[in-house]
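Just so we're on the same page: letters track the sequence lines, and every chain starts at 1. Computed from a predicted structure; not experimentally measured.
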Amino acid sequence: MKNRKVATILNRIADLLEMDGVDFRTKAYRRAAHTVEFLSRDIQDVRNEGKLEELPGIGKNLSKKIEEIIDTGSLEYYENLKKEFPVDFEALVAIEGLGPKSIKLLYDELGIKNLEDLEKAAKRHRIRRLKGMGDKKEHQIIENLKFARKTTGRTLLGQILPLAEGIKKELEKSDVSDVEIAGSIRRMQETVGDIDILVVTDKPKQVMDYFTSMDEVGKIIVKGLLKSTIRLKNGVQVDIRVFNEDSFGSALLYFTGSKETNIDMRKIAIRNGLKLNEYGVYMDEKQIAGKTEEEVFRKLGMQYIEPELRENRGEIEAALKGKLPKLVEYNEIMGDLQIHTKWSDGDASIQDMAQKTGKLGYEYIAVTDHTGSLKIAGGMDENGIKRQIKEIDKLNQNLDEIIVLKGVEVNIDSEGRLDVSNELLENMDIVVAALHSGFRQSREKLTGRIVSAMENEHVNIIAHPTGRKIHYRMAYELDLEKIFEVSKETGTFLEVNSQPNRLDLKDINIKRAIEEGCKLVINTDAHNLDQLSYMKLGTSTARRGWAESKDIINTLPLKKLEKLLS
DNA sequence: GCCGTTTTCGGCCCGACTGTTTTCAGTCG
C-alpha cells in the first residue's frame with residue numbers, strides 16, 4: 001500500500017508551494033493527496049490498470065508524478081523543491097499563528113529552518129523587527145513553541161466524545177436556546193483534532209463570557225462575539241461559533257464539515273446561481289434556506305447527506321443523483337457477537353454481561369472468550385470450553401430478555417491453524433477467529449493464515465481483520481482484495497471491531513468490502529460492562545463505510561441469524 | 001494543476017479574528 005506515501009509527498013509539495021506563494025496549484029496538489037489518501041484501493045493497482053487519470057483531481061501531470069513515486073520511491077520535482085526551501089515546514093506550521101507566509105518570511109530574512117532556530121530568534125527579539133511582525137507576535141511564538149512540542153496530536157473519538165458531551169451539558173446552563181457538537185466528532189471520525197461546538201443565542205456576549213471562563217479552560221486563544229477558541233487544561237482545543245435560529249442548519253452544515261465537502265457544496269451553489277455560506281443559501285442578497293440542514297440540501301438539488309458520509313469521497317455526486325445508501329441505523333443492532341467474560345480476560349460474569357445487554361434492547365449476544373494458546377489472555381482449554389457451554393445452557397433457562405450464544409475467539413497460529421479442535425468447534429453456535437501474534441510475517445503468509453481460517457467450515461467471523469491499533473501499530477500487511485474474495489466465497493463475516501483504538505475494519509475498507517459483496521458484523525469485543533457501549537463507535541464506522549443494514553448480519557433477528565450461521 | 005449543464009481558457013469557497021495596520025494581510029476553520 002503506497003497510498004499513504006504518495007499522499008504525503010503530494011501534501012509536502014503543496015506545503016512548499018504554499019510557502020512560495022503559489023495559490024491554486026497548491027489546491028490541486030492537496031485535492032489529489034486527499035483522493036489518494038482515502039482511496040479504498042491500492043494506488044499501485046490503479047496505476048497498473050492505467051486508470052490514474054480517472055481519479056478525481058488527478059490529471060496528466062499528477063498521474064506522471066504519482067507513477068514516478070510508485071516506480072522509484074521518490075520524486076525529483078519534490079527533491080528539488082526541498083532543496084530550494086530546506087525548512088521543517090511540518091514542525092513550524094504546527095505553531096499556532098504561523099502559516100506559510102510567515103514561515104517564508106522567517107526563512108528569507110532570518111534563515112529560520114526549524115523549531116530550534118525559531119526559538120533562538122524569538123528569544124533574541126529578532127522576529128519583532130520583521131515587517132508585519134511585532135512584539136505581541138514574537139511573544140505568541142515563544143508561548144506557542146512550548147505547547148507545540150508537548151502536543152500529542154489527535155485524540156481517539158471514544159475518548160473525546162464524553163469530554164465534548166460534558167462541555168455541551170455545561171454550555172446548556174448558559175443563555176443558549178440550542179447547543180450542538182459539530183465538526184469531526186459529529187462525523188464520527190476515528191480520531192479528532194479539536195471539539196467544535198455551535199450554539200444558538202441572542203445573547204452572544206454573555207455566552208462567550210461564560211464559555212471562556214468555564215473551569216476547564218486553560219487558555220483563551222481567540223475571543224470574539226461570533227467565534228471563540230480556547231484550550232482546555234488537558235490540552236484539547238475547543239472552537240465555538242454563535243448563530244441565530246434562522247441560520248442553524250447552514251451553520252451546522254458548515255461547522256460539521258468536512259472542509260472538502262463544504263467547498264464542493266459551495267461550488268454546487270455557485271453552479272446553480274446561488275451562494276452558500278454558514279448563514280444560509282442566498283439568491284442575490286436574499287436568504288432562501290438555512291434553518292435546517294435538510295432545507296439547504298433540498299435547495300441545492302441534493303439528497304440529505306448523513307454527517308458520517310461528509311468526507312468528499314463520492315457522497316456529493318451520489319446525493320446529486322439521488323443514489324446515497326440508506327445507512328444502517330444505530331438502533332438496528334440486535335446483538336453483540338464478540339464479548340469476553342471472567343472465563344478469560346474479561347472483568348464481568350456471563351450473567352452480568354447478559355443482563356446489561358438485555359437492557360440495551362438486544363435479542364442476543366455471543367460469549368467468545370479466548371482459547372488455550374492465548375495464555376496471556378487467560379485462554380480456556382477444551383475442558384474449560386465444555387464447562388462454559390454447560391454454564392451458558394443453564395443460564396439461558398433463567399434469562400428471558402436475551403439469548404446467550406456459545407462462542408469462542410480462537411487463535412490463528414503462525415501457520416494458519418486454529419487452537420481448538422474441529423470436534424469441539426462443531427458444538428459452538430459461533431466461532432470467531434483472529435490473529436494475535438506473528439504480525440511481521442510477509443503479506444502472503446499473513447493473508448494465507450486468514451484465508452485458511454476462513455476456509456475452516458466452522459469459522460464464522462474474522463475479528464479485527466487488519467490488526468491495526470490507532471496510535472500504536474499499523475495494520476499488518478494483507479492482501480485485502482484476496483481476503484474480501486475468500487470472505488464472500490466462504491460466507492465468512494468480517495468484523496467491524498468497535499474498540500476505540502481498533503475500529504477495524506476501518507471505514508474505507510468497509511466500503512470496499514461491501515462493494516465486493518462481503519457481509520460484516522459489528523462487535524464491541526467488550527471486556528467489561530462499560531465497553532458494551534462501544535457499539536456506537538463500530539456502528540458509526542460502518543456508516544462511514546457506507547454500510548446499509550443488509551450488509552450487517554447483527555441487524556438480523558435471532559431466527560434469521562441462526563439460519564445464516566448454520 | 002485540474003476541470004467543464006454558459007468555458008480547452010479562465011476560473012478555482014467563504015467568513016471571523018488578530019495584529020500591525022491607517023485599510024489590510026495572514027491565519028484559521
| field | Shortest side-chain distance from A:Asp194, nucleotide among B:dG29, B:dC2, B:dC12 | value | B:dG29

| request: Pick the P atom in B:dT21 and in B:dG26, then give their distance to the nearest Å. | output: 13 Å

| request: Report the relative orientation of the aromatic rings in A:Tyr77 and A:Tyr29; use parallel for angles under 30°, tilted for 30 to 60°, perpendicular for over 60°. | output: parallel

| request: Indicate, with a heavy-atom threshold strictly under 4.0 Å, whether A:Leu226 touches base, sugar-phosphate, or nothing. | output: sugar-phosphate

| Within 45° of the ring axis of A:Tyr304 and under 6.0 Å from its six-membered ring centre, is that where the NZ or CZ of A:Arg310 lies? | yes

| request: Quick one: label A:Asp23 by what it contacts on the DNA or RNA (base, sugar-phosphate, nothing), any heavy atom closer than 4.0 Å. | output: nothing

| query | Is a salt bridge present between A:Arg186 and A:Asp196, judged by a nitrogen-to-oxygen distance below 4.0 Å? | reply | no

| message | Output the rounded distance in Å from CG (A:Leu105) to C1' (B:dT27). | response | 14 Å

| query | If you look at every strand shown and take non-hydrogen atoms under 4.0 Å, does A:Lys65 touch a base, only sugar-phosphate, or nothing? | reply | sugar-phosphate

| request: For nucleotides B:dG10 and B:dC28, find the distance between their C1' atoms and express it as a whole number of Å. | output: 28 Å

| said: Starting the side chain at C-beta, find the nucleotide from B:dT27, B:dC13, B:dG15 nearest to A:Asn277. | reply: B:dG15

| remark: If pairing means Watson-Crick or G-U wobble with both distances under 3.5 Å, then the partner of B:dT8 is none

